[in-house]
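Side-chain atoms are counted along with the backbone in the values below, which use heavy atoms only and exclude waters and symmetry mates.
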Amino acid sequence: MADAGAVFYRGPSLLTGDPIVAVATGLDGGSLNPKTGPLVQTWIIRPDLPPMDAKRQNIDDAVCGDCKLRGVSGYGSICYVPAWVGPLTVYKSFRRGQYIEANWSELQALVEGRHVRLGAYGDPAAVPFEVWRMLLVTVSGWIGYSHQWSRCDQ
């Protein structure tokens, strides 16, 4: 069974204009990640390619931007998130239709009082600021980082 999750954005990447989706997982109690604990995790992925294929084709910039940890064509990546592990699992679950398509009030109820990690994979700057604002209305707190901090919609 897939981790309980919901798609909360489908649209163009603000970084490249290519299609992306943003998914929140851990809605049933949080992440199994021992480093982050019971956070709701958000993932930014391409809907059309497994993450490693996007890396190999050098089109993962739709989700990773100009991050220096990306590598080139699948080589030399020093990203701490292996594309073939968590991001691939999220991609496969997305493609199988295992994530709900919640409206904003339903999604806000699912994350209410929780802590959320922005970009367990992918750069939060790829997703419009207003989408993050809507997602985070009811949360207790959030963590996240963007390599695009100097050029994103702050």
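Using a 4.5 Å heavy-atom cutoff, the side chains of Val116 and Leu136 are in contact. Two residues are said to be in side-chain contact when any heavy atoms from C-beta on lie closer than 4.5 Å; Val40 and Thr25 fail this criterion. Between Ile44 and Val21 there is no side-chain heavy-atom pair separated by less than 4.5 Å.
Taking Phe8 as the reference, Trp132 meet the ring pair (Phe, Tyr, Trp, His ring centres under 6.0 Å) condition, with sequence neighbours excluded. Taking Pro12 as the reference, Tyr9 meet the side-chain contact (heavy atoms from CB on, under 4.5 Å) condition, with sequence neighbours excluded. Among residues two or more places apart in sequence or in another chain, the side-chain hydrogen bond (donor to acceptor under 3.5 Å, both in side chains) test is passed with Arg95 by none. In this structure, the salt bridge (Lys or Arg N to Asp or Glu O under 4.0 Å) partners of Glu101, at least two apart in sequence or on a different chain, are Arg10. Pro87 meets the side-chain contact (heavy atoms from CB on, under 4.5 Å) test with Trp43, Pro51, Val81, Tyr121; sequence neighbours excluded. With sequence neighbours excluded, the residues that form a side-chain hydrogen bond (donor to acceptor under 3.5 Å, both in side chains) with Thr16 are Asp18. The side-chain contact (heavy atoms from CB on, under 4.5 Å) test applied to Leu69 returns Cys67, Ile78, Cys79, His147, not counting sequence neighbours.
What you find for Tyr145 and Pro124 is that their closest heavy atoms are O-CD, 3.3 Å. Val72 and Asn58 make their closest contact through CA-OD1, 3.8 Å (heavy atoms, listed as atom of the first residue, atom of the second, distance). Here the closest heavy-atom approach between residue Gln108 and residue Thr138 is recorded as O-OG1, 2.7 Å. Contact detail for Gly119 and Thr42: the closest heavy-atom pair is N-OG1, 2.8 Å. Here the shortest heavy-atom pairing between Gly113 and Ser140 reads O-OG, 2.8 Å. Counting all heavy atoms, side chain and backbone alike, Leu27 lies closest to Leu110 at CD1-CD1, 4.0 Å.
A donor-acceptor contact shorter than 3.5 Å is absent between the side chain of Asp123 and the backbone of Ala126. The main-chain N or O of Ala54 is never found under 3.5 Å from a side-chain atom of Gln57 such that the two would form a donor-acceptor pair.
Linking ILVMFWY side-chain heavy atoms closer than 4.5 Å, directly or via other members, places Val127 and Leu15 in two distinct hydrophobic clusters.
With values rounded to the nearest 0.5 angstrom, Lys55 atom NZ is found 5.5 Å from Cys64 atom SG. We find the CG-NE2 distance between Leu39 and His115 to be 7.5 Å, quoted to the nearest 0.5 Å. Between Glu112 atom CD and Ser105 atom OG the span is 11.5 Å, to the nearest 0.5 Å. Note that the CD atom of Glu130 and the CG atom of Leu135 stand 12.5 Å from one another [nearest 0.5 Å]. In this structure, OH on Tyr91 lies 7.5 Å from CG on Asp53, to the nearest 0.5 angstrom. Atom-to-atom distance recorded for Gln98:CD and Ile100:CD1 is 13.0 Å, nearest 0.5 angstrom.
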* Asked: How far apart are the C-alpha atoms of Tyr99 and Val90, what are their side-chain angles, what is the distance that settles it, and do they pass the side chain to side chain contact (heavy atoms under 4.5 Å, CB included) test?
  -> CA-CA 9 Å; Tyr99 296 129; Val90 171; 3.9 Å; yes

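Contacts classified as salt bridge (charged side-chain N to carboxylate O under 4.0 Å, His left out) and involving residues 67-85 (residues at least two apart or in different chains) are given here: Asp60-Arg70.
In this structure, Tyr75 shares a hydrophobic cluster with no other residue, the cluster being traced through Ile, Leu, Val, Met, Phe, Trp and Tyr side chains under 4.5 angstrom apart. Through direct or relayed side-chain contacts under 4.5 Å between Ile, Leu, Val, Met, Phe, Trp and Tyr, Val137 connects to no other residue. The hydrophobic cluster around Trp84 extends to Met52, Val85, counting ILVMFWY residues whose side-chain heavy atoms fall within less than 4.5 Å of a member. Clustering of Ile, Leu, Val, Met, Phe, Trp and Tyr by side-chain heavy atoms under 4.5 Å joins Ile59 with Leu49.
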